[in-house]
Every structure is written in C-alpha cells, then in structure tokens.
Number of protein chains: 2
Amino acid sequence: MHSAKQRIMMTAMRLFAERGYQSTAVADLLRESSVHSGSLYHAFPTKQDVLIAVLEAYRDGIAPMLLEPAWKGVHDPIERIFALLGAYRRLLVETGCTYGCPIGSLALELHEPDPPIRALLAANFDGWIDHVRDCLEQARHRFGEDVDTHRLATFILTVMEGGVMQARTHRRIEPFDDCVEVLRDYVSRLTVKGEGNRR
Amino acid sequence: MHSAKQRIMMTAMRLFAERGYQSTAVADLLRESSVHSGSLYHAFPTKQDVLIAVLEAYRDGIAPMLLEPAWKGVHDPIERIFALLGAYRRLLVETGCTYGCPIGSLALELHEPDPPIRALLAANFDGWIDHVRDCLEQARHRFGEDVDTHRLATFILTVMEGGVMQARTHRRIEPFDDCVEVLRDYVSRLTVKGEGNRR
DNA sequence: TGATGGGTTGATCGATCAATCAAGTCGTGC
DNA sequence: GCACGACTTGATTGATCGATCAACCCATCA
C-alpha cells in the first residue's frame with residue numbers, strides 16, 4: 001500500500017495537471033487520495049510544499065518516466081527528438097487535447113511564484129533542454145559546425161509548448177501537428193549536406 | 001470621465017494579465033477601478049462576464065492596438081512579422097520578463113473553460129494567425145509555391161508563445177531572443193531563391 | 001507493562017471568495 | 001413638481017478556502 005504522502009503526490013500530479021494548481025482545493029487532494037487533512041499537513045507544511053514536491057518529482061522523472069519510454073526502440077538522435085514530441089502528441093490525443101505539458105501550464109498559471117517554485121519550473125525546462133541538446137550533439141556531424149545546439153534545443157521546447165497551447169485551446173491536434181511538421185522541415189534543411197550553415 | 005464599466009474593463013485587462021484570472025479577486029477589481037460591487041454586478045452578471053468582455057476587447061484590438069503600433073514605419077511583410085515579435089519582446093523587457101501574452105497565459109490557466117471562453121481564446125489566436133498569414137501571402141513570391149502560409153503562421157504564433165513562456169519562467173529575455181533568432185534563420189532559408197520548397 | 005513517538009482522525013477555525021440587495025442618488029421627460 | 005429608470009452605495013450573505021489542533025491509534029522497544 002502506498003503511504004499517505006505517496007498517495008497525495010500521485011493525486012496532486014494528476015489534479016494539478018488536469019485542473020491547475022489554484023483550481024485544485026486541498027479538499028480535492030484529500031478526497032481523491034483518501035487522506036485526512038491532518039495527515040496531509042503532517043507530510044507537507046503547506047499546499048505550496050505539495051507543489052514543490054510535485055515539481056521535484058517531474059524534474060527527477062524526466063529521464064526515467066518521460067524519455068526512456070518515448071525512446072524505447074528509437075536510436076537515431078534526431079528521431080528521438082521527434083519521438084519525444086510524439087509522446088506529447090499521444091498525451092494530447094488520449095485526453096481529447098485537454099492535457100498538455102504540466103510544467104508549461106503551471107509556468108503560465110503562476111504569475112508571481114515564490115523563488116523556489118520558479119527555480120523548479122526553470123529546472124524542469126533546463127533538464128528537458130539538456131537532454132534534447134545531447135541528442136543534437138550526438139547528431140552534430142550532420143549539422144553545420146556553427147549550429148548552436150543549446151539554442152536549437154530551446155527552440156524545440158518552444159515549439160512543443162506553443163503547439164500544446166494551441167492544440168489545447170482549439171481542442172484539436174492539428175495545430176500541434178502543423179508545428180511539428182514545420183519543425184521537421186527546418187531540421188531537414190539544417191541537416192542537408194553542404195548547406196548546413198548559413199549564420 | 002470613463003464610465004464604471006470602462007474602468008472595470010481597463011483594470012481587468014491589466015490585472016488578469018499581471019496576476020491571472022483566478023488570482024484576481026473581484027475585490028481587487030473594485031478597489032483598483034474605484035467602483036463598488038453593486039456597480040460591477042450592474043454592468044456584468046458575473047466575474048466570468050468580465051473575462052468575456054476582456055477577451056472580446058483583445059480580439060477586436062488586435063489590429064488597432066497591437067499591429068498598427070508595431071507596424072508603424074515597417075512595410076516589408078516579413079519584417080512586419082518580426083516587428084510584431086519585437087513588440088512582445090519590448091513588453092517582456094519593460095516588465096522584467098513577468099508580462100507576456102495575456103491570451104496565452106489565460107489559455108493555459110483556464111483548464112476547463114466554458115465554451116464561450118474557449119471560443120474567444122481560439123478567436124484571438126485565429127485573428128493573430130490570420131494577420132501573420134496575410135503578411136506571408138504578401139511575400140508569397142519569395143517563398144516556394146508549396147509553402148503553407150497558414151501552417152507557417154501557426155508555427156510563428158507557437159514560437160512567440162513558447163518563447164514568452166520560457167522568458168517568463170527564467171525571468172530572462174534570452175530564451176525569447178534565441179527562439180526568434182532561430183525563426184529568422186528558418187525564414188531566411190525558406191526565402192532563398194531557387195531552394196524555397198522541399199516538402 | 002508501560003512509555004515513546006510517528007502517523008491518523010475529523011471537527012473546527014478565521015479569512016477570503018463571488019455574489020446579493022435594499023436603500024439611495026441623479027438626470028430626464030412629462 | 002413628480003414619476004421613472006439608470007446607476008451607485010456598501011453592508012451582508014453563504015460557500016469555500018487553506019490551515020490548525022486536541023485526541024487518538026498502534027508498532028516498537030525497554
């Protein structure tokens with residue numbers, strides 16, 4: 001049996017992603033994880049500390065929970081990037097385009113977050129970008145030498161988050177697919193031999 | 001003197017952008033617009049109707065309030081796109097990277113919005129995309145004929161929103177600049193004569 | 001047997017929320 | 001002068017919020 005703390009965290013990850021942080025009442029967490037308020041406040045000083053624990057779990061779960069399943073059977077570093085985008089696509093489709101990237105949602109929902117919250121949001125983005133940049137570095141020989149892999153990885157995160165935002169707003173997958181298609185076109189132009197660099 | 005309804009709307013546009021919808025209490029709107037609760041509920045049936053009015057104002061203000069100032073003195077259609085992105089950049093810099101695109105923030109903050117809200121969010125995105133697509137159409141002769149201008153405009157909105165998200169999260173403008181730089185590179189590759197199309 | 005302490009129970013708290021409403025003000029038409 | 005509707009005033013409501021706390025349970029070990 002999971003401990004009360006674990007049940008709270010699992011419920012919080014789901015509800016914060018489904019409804020957002022502010023729209024999730026502590027009473028919702030208690031009901032859906034079958035925990036009483038005293039137990040929650042025994043495990044976490046405040047509701048915000050639940051959020052901190054959730055963001056730490058996402059940060060520590062990028063590789064084992066997100067990348068490894070998405071990259072199973074995919075070995076080409078460029079295709080791994082698109083497999084990662086495909087994982088977000090599957091999430092969107094499975095939820096009727098209501099569920100996107102929980103980090104992005106929280107990043108825009110919390111306008112003036114306390115420093116530890118903002119630092120954890122940034123750490124999640126940084127971790128994601130680092131792994132994508134590693135893929136790009138592994139494919140470095142296919143790019144021009146002056147391609148800035150960190151900048152390009154930042155761009156890829158932007159395309160994912162912006163695509164998720166539009167898909168969620170329209171409740172249609174097409175905007176996300178359009179963005180990934182355009183990104184594919186750009187990457188293919190970057191990797192065409194002999195014209196790889198231009199700036 | 002502005003009417004109570006106008007003052008509420010001006011305050012709501014500012015506070016919803018600064019703090020978000022849910023974090024803005026009706027009492028905040030009342031205090032900062034010097035209006036009493038009875039007057040607000042005389043002008044608007046509910047708080048949500050204030051949001052609807054705000055989203056309608058943004059939708060109707062895209063051309064006169066956003067594009068026309070950004071495009072003053074800029075006539076090249078491609079440069080107009082980057083001038084538009086420059087307007088968001090200025091907003092970010094002026095607010096220490098705390099204020100981004102209010103539509104994007106609301107789109108991710110409101111996870112399960114009522115249909116009229118979601119429709120207005122989508123209408124705002126659609127209006128923005130339509131204007132960018134018009135720019136691309138005006139520059140059509142510079143692209144390959146098989147470039148999908150609507151798809152590319154969707155991509156440009158994604159780059160803006162994703163760039164704003166990362167800049168706000170890091171409280172630094174660099175991620176936004178990085179994304180715009182990469183977009184510039186892509187557009188320049190699309191418009192190089194004789195190799196304009198590849199898919 | 002009894003003491004200790006991590007963990008649980010669930011009623012309860014004050015604060016804050018969106019929303020209400022009776023009473024009042026004021027300009028306009030008759 | 002008076003009736004009317006549009007709008008304002010501001011106290012008040014019930015609901016919901018995050019958080020608290022005394023009492024209790026029970027495994028462990030002396």
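Reckoned from all heavy atoms, side chains included, excluding hydrogens, waters and symmetry mates. We name chains A, B, ... by the order of the sequence lines, and we start the count at 1 in each one.
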Give one of base, sugar-phosphate or nothing for Ser23(A), where a contact means two heavy atoms less than 4.0 Å apart.
nothing
Walking DNA chain D from its 5' end, the first of Ala4(B) and Ala27(A) to be reached, judged by nearest nucleotide, is Ala4(B)
Regarding Arg189(B) and the six-membered ring of Tyr186(A), is the cationic atom NZ or CZ under 6.0 Å from the ring centre and inside 45° of its axis?
no
Cation-aromatic face contact Arg89(B)/Phe176(B), 6.0 Å, 45 degrees
no
Please give, in whole Å, the distance from [N] [atom2] to [X] [atom1]?
X	N	atom1	atom2	answer
Tyr41(A)	dA11(C)	OH	P	17 Å
Leu40(B)	dA6(D)	CG	P	19 Å
Leu30(B)	dC17(C)	CG	P	11 Å
Gln6(A)	dT8(C)	CD	P	12 Å
Asp28(B)	dA18(C)	CG	C1'	12 Å
Arg31(A)	dG10(C)	CZ	P	16 Å
Gln22(A)	dG18(D)	CD	P	10 Å
Phe44(A)	dG7(C)	CZ	P	12 Å

Can you tell me whether the side chain of Ser37(A) and the base of dA11(C) have a donor-acceptor pair closer than 3.5 Å?
yes
Sidechain N-carboxylate O distance under 4.0 Å for Arg142(A), Asp76(A)
yes
Of the candidate nucleotides [options], which contains the atom at the shortest distance from the side chain of [X]?
X	options	result
His36(A)	dT20(D), dG10(C), dT8(C)	dG10(C)
His42(A)	dA19(D), dG6(C), dC7(D)	dG6(C)
Ala25(B)	dG18(D), dA18(C), dT9(D)	dA18(C)
Ser39(A)	dT9(C), dA18(C), dT9(D)	dT9(C)

Answer yes or no: are there more than 12 heavy-atom neighbours, outside Lys47(A) itself, under 6.0 Å from its atom NZ?
yes
Inter-residue atom distance Met165(B).CE - Phe125(A).CZ, 0.5 Å rounding:
5.5 Å
